[in-house]
Amino acid sequence: MYTFSNKLRIGSFIAMAVGFICLTIGFVTAPSTVEEAKAIVASAHDDGHGGGHGEEATDHAEEDAHGAAASHDEGHDAAHDEHLLHQLQNRPWSALYVAAFFFFMISLGVLAFYAIQRAAQAGWSPMLFRVMEGITAYLVPGGIIVFVILLLSVMHMNHMFVWMDADVVAHDKLLQGKAGYLNPTFFLVRAAIFLGGWIFYRQYSRKLSLAQDESDDNSNFVKNFRWSAAFLVFYLITESMMSWDWIMSVDPHWFSTLFGWYVFASMFVSGITVIAMISIYLKSKGYLENVNDSHIHDLAKFMFAISIFWTYLWFSQFMLIWYANIPEEVTYYIARFQDYKLPFFGMLAMNFIFPLLVLMNSDYKRVNWFVIMAGIVVLFGHYLDVFNMIMPATVGDQWYIGLPEIGGILFFGGLFVYWVFNALTKAPLQPKRNPFIEESRQFHY
């Protein structure tokens, strides 16, 4: 039975406390009026950090000084200033949402991997089932937090989802055409169905897994197999819809038919990476003595393979949109090329070039510290992936990595570590009566 070390427990609490303070500062310092927003941008511009908004504001000021601004220009300036205020107010909300979704998607990615292992009746992985079940325990708090953020968005506590603003929809024919799907009530109902289905499967599968240890037959194992196979159908549908609702709809004028698979690849490789890292940690502390280098090697192979799959999807989406050059679609990448060069291309390097170079060699996949190092880079790269999906539509060019972003990572990272490792203490780390447990124990190649 795993014992939650005091050092790890205290570390997770410290991370949560520091993260909460940083997030609070981010919310408190967000502007509440247009004048405060303009002052913040002007200050950043004077310091050499200003973006397009600061330059635009300067241009408008020069026009006013020369007496060239008309009533139409004044209306444009007012709309621009209001938009700027919303972007700066969105920043702490977006940082909160990016971190909350990132750690939630790790747990969801592990749930998919777990269900695949169950449905495929894989013989190599049962030794890792308890680790997977511990990680998926975070679905409950992580899902509740994401749902609360979505609920607060519906209540107009932020401006991340512009289609939730009735005034915006009233002047936008495209959003009016999508109102049958993109409306607050249906949005929350869908979110509740997604989360309810995922959490139900996790809880019921975990119950069957523990019951199998105490059973004298394989009936619980067979039930788990059937539920897992059925769940994968539910998951593939709801995961795609979730990616449209929770991520793609922050920029409701843009869409991609590949987007559901793209988000899936990101959460899948992130989840597998965390399985590998936690397994290595537990083994280093004297637990999981039957997990060997072949298990870690297989997890590292999945890390490598899904990184290549993610790149294939990224390039397929980018190539078709960029070379078709349809204005409604290509603006998605123009905004990222112009204002997000560092996180956008940095993400590509960490999610493709780095795994390609360091995980291609088969021998390195058996070196634990090497897998940990690669995993840290992969996780940070996919955090930036979520960052690039959310931030351009919600904060525009008023972004930078500061207290809210760091605070979000610390808070949800601490909560994730605490919840997962606490869940690992609830049952023995090695299943007893899984029909394939002996094959998993003897797994070598």
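All figures in this text were calculated on a predicted structure; none of them were measured in a lab.
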Test item: side-chain donor near acceptor, [X] and [Y], under 3.5 Å:
{"X": "Asp298", "Y": "His295", "result": "no"}
{"X": "Ser153", "Y": "Tyr97", "result": "no"}
{"X": "Gln212", "Y": "Asn434", "result": "no"}
{"X": "Asn158", "Y": "His86", "result": "no"}
{"X": "Asp385", "Y": "Tyr262", "result": "yes"}
{"X": "Ser249", "Y": "Trp244", "result": "no"}
{"X": "Tyr181", "Y": "Arg190", "result": "yes"}
{"X": "Arg130", "Y": "Ser209", "result": "yes"}
{"X": "Gln317", "Y": "Tyr333", "result": "yes"}

Flag the pair [X] / [Y] as yes when at least one side-chain heavy-atom distance between them is below 4.5 Å, and no otherwise.
{"X": "Met164", "Y": "Val154", "value": "yes"}
{"X": "Gln117", "Y": "Phe436", "value": "no"}
{"X": "Ile406", "Y": "Ile409", "value": "no"}
{"X": "Phe421", "Y": "Ile278", "value": "yes"}
{"X": "Gln87", "Y": "Trp399", "value": "no"}
{"X": "Leu299", "Y": "Lys365", "value": "no"}

Taking [X] for the side chain and [Y] for the main chain, is one N or O donor matched with an acceptor at less than 3.5 Å?
{"X": "Asn224", "Y": "Ser205", "result": "yes"}
{"X": "Ser240", "Y": "Ile237", "result": "no"}
{"X": "Thr136", "Y": "Glu133", "result": "yes"}

Cut-off 3.5 Å, no hydrogens considered: what does the side-chain donor-acceptor table look like for residues 137-151, sequence neighbours left out?
none

Quick check: are there more than 12 heavy atoms from other residues, nucleotides or ligands sitting under 6.0 Å from CZ of Phe200?
yes
Give the ring-plane orientation class for Phe104 versus Phe101, where under 30° counts as parallel, over 60° as perpendicular and anything between as tilted.
tilted
Once side chain to side chain donor-acceptor pair (under 3.5 Å) is applied, do any residues pair with Ser362, and if so which ones, sequence neighbours excluded?
His297
